[in-house]
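Within every chain, numbering begins at 1; the chains are lettered A, B, ... in the order of the sequence lines, protein sequences first and strands thereafter. Side-chain atoms are counted along with the backbone in the values below, which use heavy atoms only and exclude waters and symmetry mates.
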Protein chains: 2
Amino acid sequence: MTTTIHDVARHANVSAATVSRVLNSRTDVASHLTERVLASVATLRYRPNGAARSLRTRATTVLGVIISDITNPFFTSMVRGVEDAAQTAGYSVVLANTDEDLDKERRYLEVAVAEQLAGVVLSPASSHHTRLDVLTDRGIPVVTVDRRLRDRSIDSVTVNNYRAAFDATGHLLEQGCRRVGVIAGPAATTTGSRRLAGYRAALRAFDVADDPAHVVHGDFRIDGGRSATLELLARGEVDGLLVSNNLMTIGALEALAQTGHQIPDDLAVVGFDDMAWAGAMRPPLTVVTQPTYEIGRRTADLLLRRIRGEELPPQRIVLPATLAVRQSSLRAAPMR
Amino acid sequence: MTTTIHDVARHANVSAATVSRVLNSRTDVASHLTERVLASVATLRYRPNGAARSLRTRATTVLGVIISDITNPFFTSMVRGVEDAAQTAGYSVVLANTDEDLDKERRYLEVAVAEQLAGVVLSPASSHHTRLDVLTDRGIPVVTVDRRLRDRSIDSVTVNNYRAAFDATGHLLEQGCRRVGVIAGPAATTTGSRRLAGYRAALRAFDVADDPAHVVHGDFRIDGGRSATLELLARGEVDGLLVSNNLMTIGALEALAQTGHQIPDDLAVVGFDDMAWAGAMRPPLTVVTQPTYEIGRRTADLLLRRIRGEELPPQRIVLPATLAVRQSSLRAAPMR
DNA sequence: ATGAAAGCGCTAACAC
DNA sequence: GTGTTAGCGCTTTCAT
């Protein structure tokens with residue numbers, strides 16, 4: 001039927017133990033035996049049985065990636081980076097969606113344990129309520145991505161959200177906007193809270209009053225972005241808008257079109273997270289771009305180091321996010 | 001350490017075999033024992049070890065989804081449908097990207113075998129060259145999605161691409177366009193070839209000459225769409241454009257903006273595959289919409305039936321794709 | 001340096 | 001109906 005390690009052993013005239021040693025690249029095997037084994041593996045097209053291996057070793061070579069929404073292009077691009085890094089190291093990747101739901105998140109963390117995943121990349125639903133003990137108790141490493149936890153002992157890879165939001169808001173103020181609204185993310189996420197904090201800091205820096213009416217929270221999804229924007233407009237006119245993620249930006253643009261606002265003349269817009277189509281829009285969209293693929297790679301690299309057992313202090317890797325200025329935020333008569 | 005089936009057996013005062021029977025919901029266990037076992041499972045928070053199970057049964061409860069590009073929103077939405085259906089049936093899902101590369105595809109099919117996946121959802125890189133024997137020889141069911149194989153014995157779930165392209169092209173012709181270009185997909189894929197065939201049929205139906213200069217092939221990616229469009233424009237003016245998938249549409253729009261074409265006045269545009277942002281674009285984009293999530297669900301349902309061993313003739317499920325007319329294709333003075 | 005043998009946690013024959 | 005037993009394919013002591 002399927003060829004096992006014993007078939008290879010017989011073919012190479014060695015014991016199964018020796019084949020196993022060769023396959024796990026241990027150095028204590030005579031080189032002529034190594035060659036013979038490798039040759040047999042090749043001719044028999046032998047593939048080790050993953051189930052048997054992980055039953056025995058109590059570990060797999062599978063990484064879990066638990067994110068809120070696989071249809072969000074930010075995450076898919078990030079996942080690509082994780083996949084590539086994992087692949088190179090001989091690991092495969094499984095994905096799960098939480099929909100920002102703490103219950104679903106907890107369930108998937110348990111699955112990760114049951115499946116004995118080698119490690120987990122997590123974009124936590126909440127900086128305070130997400131509990132990782134299930135994993136850490138059993139020594140399964142976790143790295144959070146895009147967002148952090150309050151718990152500083154957990155590795156994370158993020159961008160400087162505060163700074164990015166500060167710059168984006170500053171850019172709108174430099175363009176002459178004085179009533180700048182923000183569609184903020186869920187307060188439970190660090191992307192939500194840090195970006196809002198950056199926005200507020202920019203207002204202060206420019207001596208512009210921080211009007212509570214100018215802040216509306218959305219849920220990082222399209223519909224939420226649309227309704228939050230309509231709510232904001234209902235509270236009074238604004239002349240600039242910062243939207244805290246990509247999907248909400250789509251909703252916001254729909255709302256603005258629907259209410260007859262001209263961009264950037266009536267209202268200058270800056271979104272968060274570049275998207276493949278941001279440049280194809282009319283007017284092209286000014287956004288905070290994140291190195292999504294790189295974020296994924298770095299996250300996976302860090303996770304793999306933990307899996308290998310490297311001892312390092314808790315890492316908080318921060319990558320740069322930069323403002324890509326396009327027409328949606330450029331006003332005719334900018335202020336100096 | 002971790003609780004095993006024997007711990008549960010001891011706690012419930014039965015044999016491991018009985019616990020196994022209960023867990024696999026076999027009917028030949030006395031109901032009072034079933035209760036006791038279930039209670040023990042709950043109090044001990046027992047989770048069966050997947051590795052041990054699949055080592056024994058030579059099968060997993062994992063589905064593989066092998067697609068060309070996880071960053072393409074068509075596929076992610078489809079994958080959501082697969083995930084939800086799989087989840088309900090107690091299966092989990094792993095993803096892989098082929099980048100339309102036959103080698104990569106073959107490699108992942110081998111991984112599917114090695115990992116003893118229960119079944120595979122595949123969007124084949126080529127209708128002629130993709131070989132599925134690796135899987136079918138070992139009884140691993142496959143359903144192709146989005147695209148078909150020449151081999152009619154393989155189940156598939158697609159939309160009626162021919163008809164959809166026919167309608168989309170017909171719509172452009174009804175709008176008065178007479179020089180309609182098409183950015184076609186890779187000829188190796190059925191989505192590429194069927195959509196092109198539908199386009200040609202519409203030209204015939206409207207008695208419009210089929211100018212070879214109006215057909216350019218792209219690779220289903222953004223850059224390919226951009227360069228194909230520039231190539232098309234270089235060959236001579238067109239007044240209508242059909243783009244055969246979503247990512248190429250983004251590239252096409254960039255090319256049109258860059259060359260100063262006004263949509264829809266200079267050139268009416270219809271894209272394929274709805275995207276969350278199609279309605280947020282100015283002008284809103286006319287596209288062929290596919291029931292992506294539903295496609296995923298139906299695919300998974302079919303695959304799960306095959307996994308359960310149901311005997312049915314080869315299925316070729318065809319779901320409806322419909323034209324969502326928005327402004328990008330609406331001309332001032334349409335022809336009747 | 002290499003082989004023999006035990007056992008990871010589970011299910012499927014086979015007894016009873 | 002339920003328990004006993006063997007063994008899935010691999011790695012890892014422990015001898016040699």
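Interatomic distance, CG of Leu247(B) versus CZ of Phe220(B), reported as 9.5 Å (0.5 Å rounding).
If you check dC8(C), dT11(C), dC10(D) against the side chain of Ser20(B), the one that comes closest is dT11(C). Nearest nucleotide to the side chain of Asp28(A), out of dA12(C), dA1(C), dG9(D): dA1(C). When distances are taken from the side chain of Tyr46(B) to each of dC10(D), dG9(C), dC10(C), the shortest belongs to dC10(C).
Looking at Thr130(B) and Glu105(B), their side chains do bring a donor and an acceptor atom within 3.5 Å of each other. In the model, Thr60(A) has no side-chain atom that pairs as donor or acceptor with a side-chain atom of Ser54(A) under 3.5 Å. Side-chain atoms of Tyr108(B) and Asn97(B) include no donor-acceptor pair closer than 3.5 Å.
For Asp99(B), the side chain to side chain donor-acceptor pair (under 3.5 Å) partners two or more places apart in sequence, or in a different chain, are Arg80(A), Lys104(B).
A salt bridge is defined here as a Lys NZ or Arg NE, NH1 or NH2 lying under 4.0 Å from an Asp or Glu carboxylate O, and Arg138(B) with Glu110(B) fails to meet this definition. A salt bridge links Arg306(B) with Asp155(B); the closest basic N to acidic carboxylate O contact falls under 4.0 Å.
Between Thr57(A) and the phosphate of dC8(C), there is no side-chain N or O to OP1/OP2 separation shorter than 4.0 Å. One finds a side-chain N or O of Asn24(B) lying less than 4.0 angstrom from the OP1 or OP2 phosphate oxygen of dT11(C). Using a 4.0 Å cut-off, no side-chain N or O of Arg58(A) falls inside it from OP1 or OP2 of dC8(C).
The distance from atom CG of Leu55(A) to atom C1' of dT11(C) is 13 Å, rounded to the nearest whole Å. Put simply, CG on Asp7(A) is 9 Å from P on dG9(D), counting in whole angstrom units. Note: CZ (Arg10(A)) to P (dG3(C)) measures 14 Å, nearest angstrom. Atom pair Arg47(B):CZ and dC10(C):C1' shows a separation of 16 Å (rounding to whole Å applied). Here dG9(C) presents its C1' atom at 12 Å from CG of Leu23(B), a figure rounded to the nearest Å. Rounded to a whole Å, the CG atom of Asn13(A) is 9 Å from the P atom of dG3(C). Atom CZ in Arg53(A) sits roughly 21 Å away from atom P in dC10(C) (whole-Å rounding). The CG-P distance, from Asn49(B) to dC8(D), rounds to 18 Å in whole Å.
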Protein-nucleotides 4-7 of chain D N/O pairs under 3.5 Å:
unit_1	atom_1	unit_2	atom_2	d
dG7(D)	N2	Arg56(B)	NH1	3.0

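Remark: side-chain polar atoms of Thr18(B) are not paired, donor with acceptor, to backbone N or O of Val14(B) under 3.5 angstrom.
In the displayed structure, Arg150(B) atom CZ is contacted under 6.0 Å by at most 12 heavy atoms of other residues, nucleotides or ligands.
Between the two ends of the helix from dA1(C)-dT16(D) to dC16(C)-dG1(D), each summarised by a five-pair axis, the helix axis turns through 40° (rounded to 10 degrees).
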